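All values reported here derive from a predicted model rather than from experimental measurement. Chain naming here is simple, since letters A, B, ... match the order of the sequence lines and numbering starts at 1 in each.
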2 protein chains.
Amino acid sequence: MSLTAKPIQAHYAYQQIAEEIQAQILRGDLKPGDQLPGEAELGTMFGVTRSTVREGLRQLESDGLVHRPTPRRLEVTLPQADQLTTRAGRAMALMKVTFRELWEVTMVTEPLAARLAAQHATPAEIDQLQQLHAEMLGCEGDMDRTIALDEQFHTQIADMGKNRVLGLAREPIALLLFRGFEQIAPSAPRFYKRQIEAHSNIIGALRDADGERAEKWARMHIEDFWRGAQLAGLEDCIALSPPAVS
Amino acid sequence: MSLTAKPIQAHYAYQQIAEEIQAQILRGDLKPGDQLPGEAELGTMFGVTRSTVREGLRQLESDGLVHRPTPRRLEVTLPQADQLTTRAGRAMALMKVTFRELWEVTMVTEPLAARLAAQHATPAEIDQLQQLHAEMLGCEGDMDRTIALDEQFHTQIADMGKNRVLGLAREPIALLLFRGFEQIAPSAPRFYKRQIEAHSNIIGALRDADGERAEKWARMHIEDFWRGAQLAGLEDCIALSPPAVS
DNA sequence: CTTGCGCTAATGTCGGACGTTAAGGTTCAA
DNA sequence: TTGAACCTTAACGTCCGACATTAGCGCAAG
């Protein structure tokens, strides 16, 4: 039997403060929107100096559990999705994940997103998506803009599925994968056009609320992306770090 | 035309320090394992006081980009997976995601994990999995232990697939979903046994390196879990906060 | 009731201080 | 020579006190 021993981490004052406040948030004693006392007051409450309190607060801010709308207000807040996305994206870039890894997962997330979107999307949302698509048609050549819009297109579909878990899980992955577009496009002349067509077909399926079809087209879309990546020789290349959000 | 305005965030000294170091890490100038200068030296380098440096460092530590093996050593490190898992899990719990959302995503991640595992697993890894399974057979009744082992079983499979992206994405989700086991078991007498059987079948498929079959069994396994959740009336219940890791 | 002003207090940053202890070098013994 | 015990140094965690800046709030004026 293997001995399991978790390293006991020193209980520094600033850490304890962060943990205590965090515990109260998770327990529900402090709810998002609640305002916290000033640093000085927190100091007296916990029996430490303001410097120590500040270090603890910096950690909580970084965790996204508290937030400063203005330097004078310190309030409890939900971790923001984009913050999690940034962290996860950075981590994956640093661990040098390959496009293959990204793609394998995307092959299941995007079709799922499409199916859910077909089930839950409102006409207004689909119109918005269509508008995004139209905008994308108009900027062939502008690579950065194209990538951004592509990313947005897929994220929009995921949002339409009304599944926040999927949204959180797929976002950093998609962000990294679709950045490959840039390297693929030059190697595959007709690639761009095929991507656009696929988007059109997905929108069509969404309009008909046809989950099966939406899913199928999304799958083909991502499969096609992979063929492009293969042509560009990206398969086992490592993904680039995503653009900083924070 | 809609006015787009991204909130201008004040760049405090401590923030700039964190950002600068972070940038150097992402750029590759600082590599994991590298040791950073002491706080005092960093202070003189950046032209600020030690207090200010410390606040920036607390942020980086919380981000998982630097790490203190001991108070005297401050070294660059890769963000640890369990840290990301904790953050994501906390976030999902705080945003009160439902079991349905968790399940919908798990329905695609676990089958994928099983398929990849069938393709990449080594016999030794499968033996290890078998051992885990055996251990699970021996602790019927001990709910916490069962849940922990179940979680471990699925995580092990995901690891066997050699896809780190999938590993990162599914972990927090699975952690939250499988905690539902506890509430399901009482409502469904035969539930526990069926879960065990499914695990057996998955192991069998892995031994035969039969990706299709592994995927199919994993899907059925998760589908069955959902039936249990329905019996327990969990569908739109919100998931509980996961056990703290950090 | 809204607008403008001024005051208060909290924040960001600074400088310095102290006990504790880890890191690294030194000494000594095997 | 090598390894272990020791010692010195300096870096860390924490504290104290201070200051300029400015956000927040109350009050007066329109």
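Take the nearest nucleotide of DNA chain D for A:R72 and for B:G38: the residue whose nucleotide is more 5' is B:G38. Residue order along DNA chain C, read from the 5' end via each residue's closest nucleotide, puts B:Y12 first among B:Q35 and B:Y12. With the nearest nucleotide of DNA chain D identified for both A:R73 and B:R68, B:R68 has the one nearer the 5' end.
Under the side chain to side chain contact (heavy atoms under 4.5 Å, CB included) test applied with B:V76, the options B:D29, B:L65, B:L60, B:I25 reduce to a single match, B:I25.
Note on residues 143-173 of chain A: pairs passing ring pair (Phe, Tyr, Trp, His ring centres under 6.0 Å), not counting sequence neighbours, are A:F153-A:H199, A:H154-A:F178, A:H154-A:H199, A:H154-A:H221.
Using a 4.0 Å cut-off between a side-chain N of Lys or Arg and a carboxylate O of Asp or Glu, A:R164 and A:D159 do not qualify as a salt bridge. A salt bridge links B:R68 to B:E39: one of the charged nitrogens lies within less than 4.0 Å of a carboxylate oxygen.
Shown here for A:N163 and B:E101, the closest heavy-atom pair between the two residues is ND2-O, 3.1 Å. The minimum heavy-atom distance between B:P37 and B:L74, with the atom names listed, is O-CD2, 4.4 Å.
Close approach of DNA chain D to chain B, defined as any atom under 4.0 Å from a non-hydrogen atom of the protein, starts and stops at D:dA10 to D:dT14.
Rounded to an integer number of Å, the gap from B:Q15 CD to C:dG12 C1' is 11 Å.
For A:Q16, the side-chain hydrogen bond (donor to acceptor under 3.5 Å, both in side chains) criterion is met by no residue, not counting sequence neighbours. Taking B:D142 as the reference, nothing meets the side-chain hydrogen bond (donor to acceptor under 3.5 Å, both in side chains) condition, with sequence neighbours excluded.
Of all the residues in residues 44-67 of chain A, A:R50, A:R54, A:R58 reach under 4.0 Å from DNA chain C with at least one non-hydrogen atom.
Here the CD-CG distance, from B:Q80 to B:L84, works out to 9.0 Å after rounding to the nearest 0.5 Å.
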Please list, for nucleotides 3-6 of chain C, all pairs of protein and nucleotide N/O atoms separated by less than 3.5 Å.
none

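With hydrogens and angles disregarded, a donor-acceptor distance shorter than 3.5 Å links the side chain of A:W103 to the backbone of A:I222.
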